[in-house]
J.: 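Here's a structure for you.
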Protein chains: 2
Amino acid sequence: MVNSLYICIMERDLSTEERIKEAAKQVFIIKGLAGARMQEIADAANINKAMLHYYFRSKDQLFKKIFDEVIGEFAPKILSILGEKRPLEVKVKDFVHQYLDMLSKNPFIPLFLISELRDQPEHVIEKVGIKRSGALDHLDQQLKTEAQAGNIRSIAPAHFMANLISLSIFPFLAKPILQSMFQMSDEDFSSFIEERKVLIPQLIMSSLKP
Amino acid sequence: MVNSLYICIMERDLSTEERIKEAAKQVFIIKGLAGARMQEIADAANINKAMLHYYFRSKDQLFKKIFDEVIGEFAPKILSILGEKRPLEVKVKDFVHQYLDMLSKNPFIPLFLISELRDQPEHVIEKVGIKRSGALDHLDQQLKTEAQAGNIRSIAPAHFMANLISLSIFPFLAKPILQSMFQMSDEDFSSFIEERKVLIPQLIMSSLKP
DNA sequence: AGTAATGTTAACCATCTGGTTAAACTAAAT
DNA sequence: ATTTAGTTTAACCAGATGGTTAACATTACT
């Protein structure tokens, strides 16, 4: 049976390989590697199941391709903004703003990445590890010099990053819990995220005041 | 084949039902519902696979039992501390301290809960929703009166909670990424968490300064 | 002791699932 | 038109998986 959730997006003008990748991305992101079924992906792509194996030898290889693609367009965006040579406060605001926007459009990505982190940590480490090198050097330097100049309190880059990312990503992971805890509708949650675009930079910057 | 990871914990003096639950908890927490195999749970509990179905009719029912138990001993701990009638700063410190301790001992719990949130949101909503009612009333009141008294900046309880929980939980979810990003060993990560016990309350409280 | 209820085991089953195969279709190249 | 390479399909397969059954063992009850 064709799953009506997916086919709507499966435009016919895409190449078969592209259709498979789009379908696989949707299914994997929502169900995870273990939970996804090849048949479901085939249905979503509106093709025969054998085609999956024709284009991507195995489920694992298909998943790896999707995973790499997703992480490949996700991780760099995190780091590029913070690596730029602009004032700290501007970068923080920009980061939070862009990041929350992206997450609003792709709310399942964080869980997807983190879930598979559980089973394939080496794989992710390898992927993210490469991207990191150098990208944060300027931030490290910036935090150090600003602290030495007495403009901000001294903070380890790891904590700075952990705070920023935690505050931005986690609400999306815990969305259902937050919604139930504070009786938010989906619209309420959107407003909640909008508020956080202002709130998180305030929080981060105020904590850096010397 | 018996999985050597699990059996060490399966003491013989536990009742069969308890052994199953302990084993299932371990396997489910690490592999998730879809990734866990009944045979693996049986091996970990050192019993016949049929016993699983004798004590808990199906995989889903077994999972539900485990899930409810885990969430049942996890969620209340979050809320009880913050619901107490003590000064805000004391509660925040206490919460972060106890929470990070618990997470250090059970680092897989957050991913477990959040992963299955994806497939069974209603179930969690129901579970958490009940616990919530009333538990946070005092905190709501406290945030409001303190703000009116001019002691703290005004903040919505949802944001306050989101900040606190995000900062505490997320680093455990992203542990492998953080470790790779900042080249932390496991010991480094433990120190990192220890530092956060001080850092998070500072961060939260400094952001509340009027 | 005898019997009923409960606990345990091994063998079995239906279905699902990832993956394969060989034949058929298509379209470009000769 | 024939060949050739790439693409698509339907049927099939072996192993895994959740779940069942019926016989056997143990404990509790009378």
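To find a chain, count down the sequence lines: A is the first, B the second, and so on, and within it residues start at 1. All values below come from the heavy atoms of this structure, side chains included, with hydrogens, waters and symmetry mates left out.
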J.: Would you mind writing out the side-chain donor-acceptor pairs for residues 67-75 of chain B within the sub-3.5 Å range, not counting sequence neighbours?
T.:
unit_1  : atom_1 : unit_2   : atom_2 : d
B/Asp68 : OD1    : B/His123 : NE2    : 2.8
B/Glu69 : OE2    : B/Lys21  : NZ     : 2.6

J.: Base, sugar-phosphate alone, or nothing: which one does A/Ala36 contact when heavy atoms must sit under 4.0 Å apart?
T.: sugar-phosphate
J.: With sequence neighbours left out, what residues match B/Asp94 under side chain to side chain contact (heavy atoms under 4.5 Å, CB included)?
T.: B/Ile81, B/Arg86, B/Gln98
J.: Under 3.5 Å between N/O atoms: give me all the protein pairs with nucleotides 4-7 of chain C, atom names plus distance.
T.:
unit_1 : atom_1 : unit_2  : atom_2 : d
C/dG7  : OP2    : B/Tyr54 : OH     : 3.1

J.: Below 3.5 Å is the cut-off: list the nitrogen or oxygen pairs between protein and nucleotides 10-16 of chain D, distance only.
T.:
unit_1 : atom_1 : unit_2  : atom_2 : d
D/dA10 : N7     : A/Asn48 : ND2    : 3.3

J.: Around A/Glu122, counting heavy atoms of other residues, nucleotides and ligands shown, do more than 12 lie under 6.0 Å from its CD?
T.: yes
J.: May I ask you to check whether B/Gln179 and B/Asp186 show a side-chain donor-acceptor distance below 3.5 Å?
T.: yes
J.: Is any side-chain N of the basic residue among B/Arg19 and B/Glu22 closer than 4.0 Å to the acidic one's carboxylate O?
T.: no
J.: Contact list please: residues 59-66 of chain B against DNA chain D, heavy atoms, distance less than 4.0 Å, in numerical order.
T.: B/Lys59
J.: Hey, would you say the B/Phe108 and B/Phe112 ring centroids sit under 6.0 Å apart?
T.: no
J.: Do we see a donor-acceptor contact under 3.5 Å between the side chains of A/Asp101 and A/Ser104?
T.: no
J.: Distance-only check: which donor-acceptor pairs under 3.5 Å involve side-chain atoms of residues 57-66 of chain B, not counting sequence neighbours?
T.:
unit_1  : atom_1 : unit_2  : atom_2 : d
B/Ser58 : OG     : B/Gln61 : N      : 3.2
B/Lys59 : NZ     : B/Leu33 : O      : 2.9
B/Lys59 : NZ     : B/Ala36 : O      : 2.8

